[in-house]
Amino acid sequence: MDQKTKDRIDYLRSHLHEQNHRYYVLNDPLISDMEFDMLMHELQDLEKANPDYTDPNSPTQRVGSDVTMAFSQVTHTRPMLSLGNTYNEGEVADFYNRIVKEVGHDVDIVCELKFDGTSISLKYENGELVQAATRGDGTHGDDVTRNAKTIHSIPLKLKGDYPAELEMRGEVLMPHKAFETLNQQRADIGEAPFANPRNAASGSLKLQSSLQAAQRQLDCILYYVLTDDMEFALHSEGLEKAKEWGFKMSEAYRVCHNLNEIYDYIHLWAEKRKELPFDIDGIVFKVDNLSIQRDLGFTAKSPRWAISYKFKAEQAHSRINAITYQVGRTGVITPVANMDPMQLAGTVVRRASLHNADVIAALDIHEGDTVVVEKGGEIIPKIVGVDLDKRLPNAKPVEFPSICPECGTPLERVPGEAAHFCPNQSSCRPQITGRIIHFVARKAMNIDSLGEETIELMYSNGLLNDPADLYTLTASQLLSLPKIQDKTAENILRGIEESKNVPYQRLLFAIGIRFVGETTAKKLAEAFPNIDALRNASFEQLMTAEEVGEKIARSILNFFSDEKNINLIERLRSYGLQMVAEEKKLLTNSLNGKTFVISGTFIAYGRDELKALIEAHGGKMLSGVSSKTNYLVAGANMGPAKLEKAQKLGVTIISEEQITEMIENGEHN
Ligand code: IVH
């Protein structure tokens, strides 16, 4: 490589680091996105053409890679402790007064936001990011360097007069906007949404593909500087210094000189948190003076010089206008409270599930009651109580209906179950359309050309009464419906035709046997490789299948004892749907007849990869260690309980290298 190219690469690397910092940390970009992208492409091309001149911290590393890798474990140089919690101002005062008493004079306290994400440790050597690790159990964490590099606010190289060895601790967050986009994308592809940005952030940081992690728009705010190579007198001084080195530090901290200032800070952020683009779940208080911090020291679990104050879950009061009763595809009735719209933790809430009659009784809800609605870390609002002062005179307790709100059939309740249900499976509208909607869902038969509205329309026009009717639909029938034109009809019919190739395990999920979810359906398809085997299985045989307990076994027997279901299956069979499991092509028979459980993390394989490998060579995966287990494949950091159980049961414990040897030495096809 000539000197000119080398200079150009060096220039681009440092220029792009600087622009990245301006954009993602300072929020003050100097160049346009287009210019940035052009320079990034130029650097990517130059690096590709000169592969010897590598730099693991080049700005190009932020795009991630689709090579999936298991995480190795790291031991934290200093344990990552947690913080003691307080829940009211009295407990904060106790903390403050205890310290003042111990020290003998007033102390300054740094108040910071308690970011609600997942904690991270970042290590730098001579200004280069060398390692990023999760907290793990506080002593050992996962090495997530590859994923952390894709987070733009984490500097890959430091600026200014940084210490030679440095560890920074902070929080990886998912901002609200990124969280909403992610959950929308997941909903679009039929995946379960994350419950809150905290779970989304930690899930994203642990993705095996850094290319995917790069798309999650994570952010990282640091709050703790650890180094032996530079002396500071104050924690707040470290925060300011870290900003100069290029880290994203919160501007919201404040040095407080007494309890009143501390209270003011709590009150300020209890309100202002609503304006933040990410979640915080409280405030953290830290002694500012580092020599006092050292004197106070640590308990086994947390520092004595810091404590957190957790916000209470946000609450709002609102009046119930009506309780509606939704009928699900299995006939279960769910009561829903419809309330005057209220603003709660960033969203407008109008409805909340009341789950079942027991919950209504426990809350003692009366008609027209004003209820207390809470939204904590979770996204789903919950009714937690009734404001009795606002109860209307003569209000009557809410009575659970005795007949189905949709079809008028008397409701039933299975002893021991909380739910009421409508037994009229064959002619109760939402049950029929619900079953068809479930049947076509992405994770079931995946007929995505058919939306809920179209299904409702077809039902009302007498074209559909059960999922098998889909396979008798004709173009002229579809075209007779309002709003359906040639192209749409064609797409619908093509989607239905293609669904005939959907594998048997998905069909088992699609037919909607109560309590048989996607995973159970998969396990059932493995244990009973065709629908007749499943239909003829006894209770005892069903119970031997993985994931199947008494409740599921009874539900399966119940399903196949109903003539209508048998009739449905026979019709689906006659239209050519898959009723037999695809034969798994085995690579070898080396592990035939042997059962395995894996635990911990592995070096050469991801957990799913290792499972697939075992199955591809004829082994059978079990979910937990039991007397049926032959081998436990032990990875790094496996749970001690599992190990102990395996040893007690005499299960052979092997390493990932040993399993590879077993495969290589075993019987080949
Ligand atoms: S200081 C030794 N400061 O809260 C003290 N933690 O239970 C180290 N957190 O695991 C923690 N915001 O993930 C500190 N401003 C902040 C924080 C913060 C959020 C998290 C952190 C820690 C947990 C404490």
Side-chain angles (χ1 to χ4, degrees), residues 76-87 91-92 95 99 109-123 132-142 144 148 151 153-154 167-175 196-206 218-227 232 234-236 238-240 242-243 247-256 262 265-266 268-270 272-273 276-290 292-311 377:
H76 295 302
T77 331
R78 308 162 180 92
M80 284 181 84
L81 300 174
S82 61
L83 292 169
N85 284 326
T86 60
Y87 294 92
E91 290 173 357
V92 176
F95 164 78
I99 289 177
I109 299 288
V110 178
C111 299
E112 296 173 11
L113 305 183
K114 187 169 186 308
F115 306 103
D116 197 8
T118 182
S119 37
I120 193 151
S121 142
L122 303 174
K123 280 194 175 169
T134 62
R135 178 172 183 273
D137 62 3
T139 312
H140 307 279
D142 282 330
V144 289
I151 302 176
S153 44
I154 295 182
E167 180 178 354
M168 293 293 297
R169 300 225 175 127
E171 205 81 354
V172 169
L173 299 168
M174 185 172 286
N196 52 46
R198 181 190 346 109
N199 292 2
S202 78
S204 304
L205 198 57
K206 292 203 185 145
L218 296 168
D219 203 349
C220 179
I221 301 182
L222 287 308
Y223 46 65
Y224 196 13
V225 182
L226 289 155
T227 178
F232 304 111
L234 304 173
H235 168 68
S236 51
L239 297 179
E240 289 301 316
K243 208 189 295 174
F247 292 103
K248 183 161 182 173
M249 310 299 290
S250 170
E251 299 287 339
Y253 80 88
R254 188 196 290 171
V255 182
C256 292
I262 291 176
Y265 188 87
I266 297 179
L268 174 73
W269 283 102
K272 247 179 110 162
R273 62 189 284 216
L276 288 169
F278 48 76
D279 282 352
I280 61 171
D281 61 338
I283 307 286
V284 180
F285 308 103
K286 299 173 182 171
V287 170
D288 197 15
N289 185 308
L290 294 179
I292 299 179
Q293 275 195 11
R294 274 188 289 273
D295 291 346
L296 289 167
F298 296 85
T299 69
K301 281 201 287 194
S302 50
R304 287 203 181 84
W305 44 264
I307 203 151
S308 78
Y309 165 87
K310 290 260 203 153
F311 291 132

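Remember, predicted model here, so these are calculated numbers, not experimental data. Counting starts at 1 for both ligands and their atoms, in listed order. Residue indices begin at 1 and follow the sequence shown.
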Thr118 and Lys206: side-chain hydrogen bond (donor to acceptor under 3.5 Å, both in side chains), yes or no, with the steps?
CA-CA 11 Å; Thr118 182; Lys206 292 203 185 145; over 6 Å; no
So which atom in His140 and which in Asp137 form the shortest heavy-atom distance, rounded to 0.1 Å?
N-OD1, 2.7 Å
For Asp142, is there any backbone N or O sitting under 3.5 Å from a side-chain donor or acceptor partner on Thr134?
yes
Under 3.5 Å donor-acceptor, Asn196 side chain and Arg198 backbone
yes
Mark yes or no for whether Gln293, through its side chain, and Trp305, through its backbone, hold a donor-acceptor pair below 3.5 Å.
no
For the pair Trp269 and Ile283, evaluate side-chain contact (heavy atoms from CB on, under 4.5 Å) and give the outcome as yes or no after the intermediate values.
CA-CA 8 Å; Trp269 283 102; Ile283 307 286; 3.8 Å; yes
Ligand 1 N/O to protein N/O, distances under 3.5 Å:
{"from": "ligand 1", "atom 1": "3 (N)", "to": "Lys286", "atom 2": "NZ", "distance (Å)": "3.0"}
{"from": "ligand 1", "atom 1": "4 (O)", "to": "Lys114", "atom 2": "NZ", "distance (Å)": "3.3"}
{"from": "ligand 1", "atom 1": "7 (O)", "to": "Leu83", "atom 2": "N", "distance (Å)": "3.1"}
{"from": "ligand 1", "atom 1": "12 (N)", "to": "Phe115", "atom 2": "N", "distance (Å)": "3.0"}
{"from": "ligand 1", "atom 1": "13 (O)", "to": "Ser119", "atom 2": "OG", "distance (Å)": "3.3"}
{"from": "ligand 1", "atom 1": "13 (O)", "to": "Glu171", "atom 2": "OE1", "distance (Å)": "2.6"}
{"from": "ligand 1", "atom 1": "13 (O)", "to": "Glu171", "atom 2": "OE2", "distance (Å)": "3.4"}
{"from": "ligand 1", "atom 1": "13 (O)", "to": "Tyr223", "atom 2": "OH", "distance (Å)": "3.2"}
{"from": "ligand 1", "atom 1": "15 (N)", "to": "Glu112", "atom 2": "OE1", "distance (Å)": "2.8"}
{"from": "ligand 1", "atom 1": "15 (N)", "to": "Leu113", "atom 2": "O", "distance (Å)": "3.0"}

